[in-house]
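One structure below.
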Amino acid sequence: IQAHAQVRTVLGQAVTIDESDRWIGLYGATPPVGDGILTDFAQRQASRQLVLFPSVVVRRDAYEEVGGFCTLFNHVADWDMWFRLGQLAPVAFVPRPYALCRFHSESDTSLQKVSGSNIRECYFVIIANLARRCEWAPVAQEQPWRSHLAAYAETTAWQLDSQNCIEGRFNQARWAWMLEPNIRRSIMLMKSWLKYRLMARGSSGKH
């Protein structure tokens, strides 16, 4: 911060941990070599979340200048904020992680995965970010970020299936298919729907 007076946001990687305090991964962009400025941050942040909130330091006047957090979002309010801060001023990146971020089954993110609203908000924040950067492009040029988001939804669907969360599997599989339809995902969606309907019928039969 002292070395770069123009910087108003400093980011870093975060070590992700589980409910038992076990280190399970490292999240975030690769730190830049040299002066620590991530020159293409806003461009990359537009279509992908590059940082977790515990590893962000922002000057208060920067928050005020960009207008505060957007209350229209529940899941991606931080993604939207970091993007707007990246458009406001250069962003610096520290060379090593200083933060831990816990993932657990009772978190808001975990609950939104069941409904699929996490993917829906990711989709809309990307559309909004690209519009703010005036990067509207033909559908064919949207393929990289749509593919990335569809793959994330598909992976999440299988994770929820392993936890016997059939509703979550169906909702994530549906988003994966809508973002990037193919035969494999069509079959996955159909099977997910059948499992979900059978589960719903079984639950209603118990009453």
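Residue indices begin at 1 and follow the sequence shown. Worth knowing before you read on, the calculation uses all heavy atoms, side chains too, and leaves out hydrogens, waters and symmetry mates. Since we're looking at a predicted model, the values are computed, not measured.
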Keeping [X] on the side-chain end and [Y] on the backbone end, is there a donor-acceptor pair under 3.5 Å?
X	Y	value
Asn129	Val125	yes
Gln172	Lys113	yes
Arg102	Asp18	yes
Glu154	Ala173	no
Glu121	Phe73	no
Arg146	Leu179	yes
Asn182	Arg185	yes
Trp145	Tyr123	no

If you look at every heavy atom in [X] and [Y], which pair is closest and at what distance?
X	Y	answer
Thr30	Gln13	CA-NE2, 4.2 Å
Leu130	Ala46	CD2-CB, 4.2 Å
Glu65	Leu88	OE2-CD1, 3.3 Å
Arg59	Val7	CD-O, 4.2 Å
Val94	Gly12	CG2-CA, 3.7 Å
Pro31	Pro95	CG-O, 3.7 Å

What is the distance from atom [atom1] of [X] to atom [atom2] of [Y], rounded to the nearest 0.5 Å?
X	Y	atom1	atom2	result
Phe69	Arg84	CZ	CZ	8.0 Å
Phe83	Gln43	CZ	CD	10.5 Å
Ile187	Trp177	CD1	CH2	13.5 Å
Gln87	Phe41	CD	CZ	10.5 Å
Tyr152	Asn118	OH	CG	5.5 Å
Ile24	Ile17	CD1	CD1	8.0 Å

Report yes if some heavy atom in the side chain of [X] is under 4.5 Å from a heavy atom in the side chain of [Y]; otherwise report no.
X	Y	result
Gln112	Arg120	no
Met81	Val58	no
Leu26	Pro97	yes

Subject >> Heavy atoms from other residues, nucleotides or ligands near CZ of Arg184 exceed 12 (cutoff 6.0 Å) >> reply: yes
Side-chain heavy atoms under 4.5 angstrom apart, residues restricted to Ile, Leu, Val, Met, Phe, Trp, Tyr: same cluster for [X] and [Y]?
X	Y	answer
Phe53	Leu50	yes
Ile183	Leu189	no
Phe124	Trp79	yes
Val76	Ile126	yes
Val51	Val57	no

Original post:
Step by step, would you call Glu19 with Phe103 a side-chain contact (heavy atoms from CB on, under 4.5 Å)?
Top reply: CA-CA 7 Å; Glu19 294 165 295; Phe103 288 86; over 6 Å; no
**OP:** Pick out which of Val15, Leu11, Asp78, Thr16 makes a side-chain contact (heavy atoms from CB on, under 4.5 Å) with Leu52.
**Re:** Thr16
Original post:
Only one of Gln45, Gln49, Arg132 forms a side-chain hydrogen bond (donor to acceptor under 3.5 Å, both in side chains) with Asp80, so which one is it?
Top reply: Arg132
**OP:** Give a yes/no verdict on a cation-pi contact between Arg96 and Tyr98, requiring under 6.0 Å between NZ or CZ and the six-membered ring centre and an angle within 45° of the axis.
**Re:** yes
**OP:** Could you give me the CA-CA distance, side-chain angles and deciding distance for Val91 and Leu85, then say whether side-chain contact (heavy atoms from CB on, under 4.5 Å) is met?
**Re:** CA-CA 8 Å; Val91 171; Leu85 289 167; 5.6 Å; no
